[in-house]
Amino acid sequence: MVKYEELYCFSFNPKLDREEREQGWMLIDLSEEYKRMGLPNNYWQLSDVNRDYRVCDSYPTQLYVPKSATAPIIVGSSKFRSRRRFPALSYYYKDNHVSICRSSQPLSGFSARCLEDEQMLQAIRKASPGSDFIYVVDTRPKLNAMANRAAGKGYENEDNYSNIKFQFIGIENIHVMRNSLQKMLEVCELKSPSMSDFLWGLENSGWLRHIKAIMDAGIFIAKAVSEEGASVLVHCSDGWDRTAQVCSVASLLLDPHYRTLKGFMVLIEKDWISFGHKFNHRYGNLDGDPREISPVIDQFIECVWQLMEQFPCAFEFNERFLIHIQHHIYSCQFGNFLCNSQKERQELKIQERTYSLWAHLWKNRGDYLNPLFRDDSSQTQGTLRLPTPPCNFMYKFWSGMYNRFEKGLQPRQSVTDYLMAVKEETQQLEEELEALEERLERIQKVQLNRTQVKSKQSEPSKHSGFSTSDNSTANTPQDYSGNMKSFPSRSPSQGDEDSALILTQDNLKSSDPDLSANSDQESGVEDLSCRSPSGGECAPGEDSGKDRDSDEAVFLTA
Amino acid sequence: MEFAELIKTPRVDNVVLHRPFFPAVEGTLCLTGHHLILSSRQDNTEELWLLHSNIDAIDKRFVGPLGTIIIKCKDFRIIQLDIPGMEECLNIASSIEALSTLDSITLMYPFFYRPMFEVIEDGWHSFLPEQEFELYSSATSEWRLSYVNKEFAVCPSYPPIVIVPNAIDDEALRKVATFRHGGRFPVLSYYHKKNGMVIMRSGQPLTGTNGRRCREDEKLVNATLRAGKRGYIIDTRPLNSAQQARARGGGFEQEAHYPQWRRIHKSIERYHILQESLIKLVEACNDQTHNMDRWLSRLEASNWLTHIKEILTTACLAAQCLDREGASILIHGTEGTDSTLQVTSLAQIILEPRSRTIQGFEALIEREWLQAGHPFQQRCAQSAYCNSKQKWESPVFLLFLDCVWQILRQFPCSFEFNENLLIMLFEHAYASQFGTFLGNNESERCKLKLQQKTMSLWSWVNRPSELSKFTNPLFEANNLVIWPSVAPQSLQLWEGIFLRWNRSSKYLDEAYEEMVNIIEYNKELQAKVNILRRQLAELETEDGMQESP
């Protein structure tokens, strides 16, 4: 049995001193985040009911609850919820003064009630005085929820809770998702599949259907909050998988802050890490029960990618950012995603013994920026509105993630990298322009002084100076070439060539070694090689020149 | 015939137009000989200006006195007109039906269209075969222009001028023409300057069941091979189809008679199979009620992407033979006017940087599709909504454009043009005010006197104001061969065509605009910096000179 201490993050040493490490862990601060949401306020307060994890050991200690929810109500409600995960605030939408809360399923069985739990939901409703009801969203398929009743669990009975609207949204459980991913990866790994093999396999895996179900739930909640002005309580069974997915998708749709680099880190910290998503079990960091493994956060990350495809200017970060986060959830190089809860992480003293991924990503943020992002664009304002009903064809296979090691399958030229390089060059040009203008001004001043000093006769000689400039150049090659070097009078086309060079270097820099290390270079040519007319004698696929050619294409033009 | 006879009701008021992603508009509907126009009375602007020839099919429905006409366009758009009054509605519907299916080409809009723009360069003379040949003739003397088909007597679907091996005289060409389907003797399609290898295309050899041979044909084909070299014949049909073709007088090159050539059979579909695929695909794209799995299975069942994959794979194979194996190739299917042209033109996109520029791509369309005799009139007569079973319609050209888009998506910086150029070509192939895509071959176009009577599409496109719409801001000249991936994971549905009317492109358009802004601003700065550098350099030399004496 592997121990936590044997994981890479406990020996990983990026050569930072203690102070830097601590600062790294402080980069993402959830109390700041709640402040940003406008909390505490007249309706919501920070509760210390879970101090020392007394009420719920998979919840954080810092939680926001309605002011009218007293400690006895919370404790009473917690006893009526699976693993005592009582309703607590996930996101506060200050425009409408409504909230997204999360919990686990109620232990209602077939008929059980709990007064405190009913009061708790009442308190949530009262905390948004603009609305006379709240939605209770059960993210499970109805059948699953009903089956849970036999085990003394279940879902809210609308008759027992005043003013709730209950809604099922059928997202399948972790076992279905695990099998679905397995099936899809099998399709990705097929050796030269036909189009039908691929599409049929993709459909059969059900993966995109599941992604859509999660998105639909997020869209439903975002709409309830922004358009209907109603608060929403979200739960599934334990409230740490589907609930985390759905709350974070809804928050991302509602709040542009979560679409920024730092905001996205905050979102994962809040809805996943702090609320006890079981990273250790789901991503198998230690050998555990294989039945606990499931790509829950992978699905959330894919939802973000699907949104990026629809709203190319809305996100401050790019696809690479998502892929690197996903990579590090499994890599155990950083401490962020260790353990199953905040309590466990505290016991292990993670922050003192490991480094934070967020600081690492933030330090290299230049690699993760989306060049099309503009904070004044329409897509970065307010809620992202998706077409309703959301179209099926909106959801696409993410080859950048699932075939990321087969570079040959990816577009050979990256628009993102190209534009980032252009932007970087633009910045250099701005600086140079400023410097040149200053210099020009200085010289002109000097010359102005000189013309003032000299007599009128100097003017014609100035003209003759132009006409003989060729001769003088020829006579003084050394001086001129020196001049040439510092101020090459380049034609615009030459300028382009130079910029191409800058772009190339930039491209090389931004490729991440840890992900492309064992990339299998498969290109269209190799795909064809099995049908090559020459058979084995001179298979072009083995021709080392082939990849050079295509790679050159990338380098020279990108 | 007068158009007035066909227009029973030229004008109806209070018509309501419904279009996806636009609010409904009420206005006056007018029918002219070639257009359906709806203008809202409020601000007197046209809301809709639709060529009748763009209409693929119409449906009518009645609820009480209110009639509804659903117009399905060849560019896949569907619009709805609510027309008050049953008689008006019936009149409009029957007029549209008649006007959108004119049987005489000379009644089509291009013969009536008067351009409102200044013609800078007459597109009819933009891509002359002689000029195109000059691009090669500096590199090789093995090829010559032949005027053997001057009167279209040898091959009705070939242009008057073709490029053939220098060693083969016109007399031999005439003989070879009798041995090839439709008289389409092997001609030069592409000369690969890098190694002197070539792509030739032709119709199938007419071997028949008794294995007829033609020495001149063998000589012609072999004349393209260097001493001791071998070539590849790519037959776009599967072997069994090629074998079956023998019973109908067609066939394929027998190894015994073409010993220096190795034959490869591919299976690119043709005709109604492609048309049905298009119909199914567009149906699936328009139906938004089904769930996720239905969408994928319908996408799969349409087989559209399968066709894309097969065509691209064959084109890559051809390019690979040429560039990697250093072997010349001959490509044909049956007629040599459909799948053959898909392969020869895509191979050039892969191999030849010029064909990835705007001018070069236009030249490619002109050479490999128009001059080469792709029967546009037949293939593009109807589109995805056509109910009548007509035999000749087939989205061969659209598949080619889709394949180009797939390569463009994989190499977004290597093309001078953007997706808009491809979409524009698709639209004009099916319905246009220009004469370029009328007729099935050069011979028909000559008889129709298109050059005198109609305007060329290229005259319109190749003006700076239009070109700017089609120019890819990301373009950086790339002189290398670009090898696309043909794996299913790398091929995507072309949303710009197939989902164009089913999803709002607002956010994607914004992204494109932002991309243009980023690049334009960079160029602006670059120019400013260059001017200042020059100024400074001048000032400083001047300075030095003033000080040195």
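In the text below, chain A, chain B and the rest are named by the order of the sequence lines, each starting its count at 1. In this text the structure is predicted, and so the values were computed from the model without any measurement.
For B:Asn502, the parts lying under 4.5 angstrom from a heavy atom of chain A are both the backbone and the side chain. Looking at A:Ser194, the atoms closer than 4.5 Å to chain B (heavy atoms on both sides) all sit in the backbone: N, CA, C or O. Residue B:Glu524 does not touch chain A at all, counting heavy-atom pairs closer than 4.5 Å. Residue B:Leu499 touches chain A through its side chain alone, counting heavy-atom pairs closer than 4.5 Å. For chain B, the nearby part of A:Ser399 is the side chain; its heavy atoms alone come within less than 4.5 Å.
Chain B forms the most heavy-atom pairs under 4.5 Å with one residue out of A:Glu437, A:Gln444, A:Arg374, A:Lys423, and that residue is A:Arg374. With respect to chain B, the highest number of heavy-atom pairs below 4.5 Å among A:Glu309, A:Gln410, A:Glu430, A:Gln427 belongs to A:Glu430.
If you check the side chains of B:Glu476 and A:Tyr418, you find a donor sitting under 3.5 Å from an acceptor.
Aromatic ring pairs are classed by plane angle as parallel below 30°, tilted from 30° to 60° and perpendicular above 60°; the pair A:Phe311 and B:Tyr507 is tilted.
Looking at A:Glu203, its side chain never comes within 3.5 Å of a backbone N or O of B:Arg294 through a donor-acceptor pair. A donor-acceptor pair is defined here as one N or O able to donate and one able to accept, closer than 3.5 Å; such a pair exists between the side chain of B:Ser490 and the backbone of A:Leu409. The closest donor-acceptor contact from the side chain of A:Gln413 to the backbone of B:Cys413 lies under 3.5 Å.
Ion pairing between a basic and an acidic side chain is recognised when a charged N comes within 4.0 Å of a carboxylate O; A:Glu432 and B:Lys528 show no such pairing.
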